[in-house]
Amino acid sequence: MPTVHVTKYNKDMAQYQSDILIIGSGPAGYTAGIYASRTGKTSFLVSGEEEGGQLILSNDVENFPGFEDAITGTDLMNKIKKQALNLGVKIINDKIVEVDFSHYPFECSSQNHNVFYAKSIIIATGASAKWLEIETEEQYKGYGISVCATCDGFFYKNKDVAVIGGGNSALEEALYLANFARSVTIIHRRESLRADKRAQEKIKQHPKISVKYDVTVEKFIGEDKNLKGIKIKNVKNDKEEIIKIDGVFIAIGHKPNTEFLRGEINLDKDGYIITQPNSCKTNIEGVFACGDVKDPKFRQAVIAAGSGAMAAIEATRWLGQ
């Protein structure tokens with residue numbers, strides 16, 4: 001147990017007291033809840049603002065084990081949620097906004113003014129994709145607009161797609177998409193790419209990939225839920241152009257959902273939680289992290305789920321199962 005001030009439980013202390021508190025409700029959070037409950041530990045899961053996490057933005061998921069046909073991200077998360085509920089996970093629709101790891105049991109406060117006390121905490125708040133926040137973007141999220149080529153690239157076989165961004169992630173997305181798409185157009189707002197030279201050379205040599213420099217996306221164009229194209233604008237001469245496109249992949253970065261943790265736990269320069277090698281342990285004893293909130297590299301549902309299982313196993317062992 002951590003060598004901090006210890007507060008004893010009492011009936012007036014808080015409405016929510018548990019062995020394990022799970023913060024976040026994506027694949028990592030729900031899976032952590034499933035594993036924690038099967039050990040007999042009491043657990044609460046606080047869903048956060050976006051119940052189900054980033055996966056609910058995926059229209060079709062084909063790469064999560066156990067489903068012979070494609071399933072929507074929303075349906076997949078609902079199934080995992082029901083499994084967690086059936087195993088006894090108590091899910092609270094709320095958002096943790098403040099934590100105090102200097103006391104034990106740990107104390108967390110929520111947006112709805114609830115107070116949670118827990119002997120161990122698993123953080124699974126994920127990372128949110130950065131969006132352009134322009135006209136009609138919301139309409140086509142999951143219906144032509146994606147933030148994950150690995151997740152959705154296969155659906156654009158022999159189609160024309162665009163990648164928005166100019167860093168390493170954008171070029172990696174473009175190279176991956178070129179395995180399926182008929183053509184890939186990189187849209188970049190500056191006159192040169194920001195990615196490393198080796199990646200840029202690969203792009204230049206690839207017959208399917210082209211780059212439009214000094215342009216921004218002004219509008220997404222389509223019919224109902226079918227994206228048909230994008231309107232771009234040259235930042236130097238204001239000239240506008242409409243490009244016919246079947247899909248757009250936004251690759252301008254992700255932001256880990258860790259603002260509420262600053263000053264309480266070790267984060268890297270980009271805000272991701274730092275964990276020990278091959279582990280979900282953070283620098284705070286009894287506090288664990290799993291999923292995209294600690295993984296800026298893979299961002300895959302199945303990997304997040306696996307790390308949720310790891311976090312729950314480590315938490316229950318730490319509690320002395």
Side-chain angles (χ1 to χ4, degrees), residues 2 14-37 41-56 77 80-81 84-85 87-128 254-267 271-275 279-295 301 304-316 318-319:
Q15 182 179 359
Y16 301 109
Q17 303 175 15
S18 62
D19 293 318
I20 300 173
L21 174 66
I22 300 157
I23 306 174
S25 61
Y30 284 145
T31 304
I34 289 168
Y35 271 73
S37 288
K41 301 297 182 185
T42 58
S43 58
F44 283 109
L45 185 152
V46 182
S47 64
E49 226 164 26
E50 196 168 55
E51 189 174 3
Q54 289 285 294
L55 196 64
I56 62 174
M77 293 318 304
I80 301 175
K81 177 184 177 180
L85 287 169
L87 288 169
V89 181
K90 299 175 179 66
I91 298 175
I92 312 297
N93 292 320
D94 202 348
K95 179 183 179 182
I96 298 298
V97 295
E98 187 177 353
V99 298
D100 184 353
F101 296 150
S102 66
H103 287 67
Y104 191 80
F106 302 116
E107 180 180 335
C108 300
S109 302
S110 79
Q111 194 172 56
N112 294 337
H113 308 293
N114 292 312
V115 179
F116 296 81
Y117 287 87
K119 298 175 184 177
S120 181
I121 290 179
I122 296 174
I123 303 167
T125 48
S128 298
H254 285 72
K255 182 181 179 182
N257 300 314
T258 54
E259 284 298 321
F260 71 106
L261 295 168
R262 291 193 179 277
E264 293 288 340
I265 201 167
N266 285 352
L267 307 173
Y272 288 89
I273 297 175
I274 298 171
T275 56
S279 173
C280 295
K281 296 177 182 177
T282 70
N283 65 301
I284 307 293
E285 283 190 48
V287 178
F288 304 85
C290 57
D292 290 3
V293 76
K294 58 157 280 188
D295 174 22
S307 72
M310 287 174 58
I313 291 169
E314 288 188 305
T316 52
W318 184 82
L319 288 167

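Along the sequence shown, residues are numbered consecutively beginning with 1. Model, not experiment: these values are computed from the prediction.
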Answer yes or no: is there a side-chain heavy-atom contact under 4.5 Å between [X] and [Y]?
{"X": "Gln111", "Y": "Glu49", "value": "yes"}
{"X": "Leu319", "Y": "Lys119", "value": "yes"}
{"X": "Tyr30", "Y": "Ile91", "value": "yes"}
{"X": "His254", "Y": "Tyr272", "value": "yes"}
{"X": "Phe106", "Y": "Val99", "value": "no"}
{"X": "Ser25", "Y": "Lys81", "value": "no"}
{"X": "Ile34", "Y": "Ile80", "value": "yes"}
{"X": "Ser110", "Y": "Val46", "value": "no"}

Got a second to check how far [X]'s [atom1] is from [Y]'s [atom2], nearest 0.5 Å?
{"X": "Leu267", "Y": "Asn283", "atom1": "CG", "atom2": "CG", "result": "8.5 Å"}
{"X": "Asn114", "Y": "Ile92", "atom1": "CG", "atom2": "CD1", "result": "7.5 Å"}
{"X": "Ile23", "Y": "Ile123", "atom1": "CD1", "atom2": "CD1", "result": "5.5 Å"}
{"X": "Ile121", "Y": "Ile265", "atom1": "CD1", "atom2": "CD1", "result": "9.0 Å"}
{"X": "Tyr104", "Y": "Ile284", "atom1": "OH", "atom2": "CD1", "result": "13.0 Å"}
{"X": "Asn93", "Y": "Leu45", "atom1": "CG", "atom2": "CG", "result": "9.5 Å"}

On a heavy-atom basis, which atom in [X] and which in [Y] lie closest, and how many Å separate them?
{"X": "Thr316", "Y": "Lys41", "answer": "CG2-CG, 3.8 Å"}
{"X": "Ser102", "Y": "Asp100", "answer": "OG-OD1, 2.5 Å"}
{"X": "Leu21", "Y": "Cys108", "answer": "CD2-SG, 3.7 Å"}
{"X": "Val89", "Y": "Gly33", "answer": "CG2-O, 3.2 Å"}
{"X": "Ala312", "Y": "Ala32", "answer": "CB-O, 3.4 Å"}
{"X": "Cys290", "Y": "Ala28", "answer": "SG-CB, 3.8 Å"}

* Derivation and outcome, side chain to side chain donor-acceptor pair (under 3.5 Å), residues Thr275 and Lys294 -> CA-CA 7 Å; Thr275 56; Lys294 58 157 280 188; 3.2 Å; yes
* Could I get the full list of side chain to side chain contact (heavy atoms under 4.5 Å, CB included) partners for Ala315, not counting sequence neighbours? => Ile20, Ser120, Ile122, Phe288
* For Lys90, check side chain to side chain contact (heavy atoms under 4.5 Å, CB included) against everything at least two apart and list the hits. => Phe44
* Is there a donor-acceptor pair under 3.5 Å between the side chain of Asp94 and the backbone N or O of Asn112? -> yes
* **Ser128 (side chain) donor-acceptor with Lys255 (main chain) under 3.5 angstrom** => no
* To do: State whether a side-chain donor-acceptor pair under 3.5 Å links Asn266 with Thr282.
  => no
* Structure fact -> The residue among Gln17, Glu107, His103 that forms side chain to side chain donor-acceptor pair (under 3.5 Å) with Tyr117 is Glu107
* Asked: More than 12 foreign heavy atoms under 6.0 Å from CD of Glu98: is that the case here?
  -> no
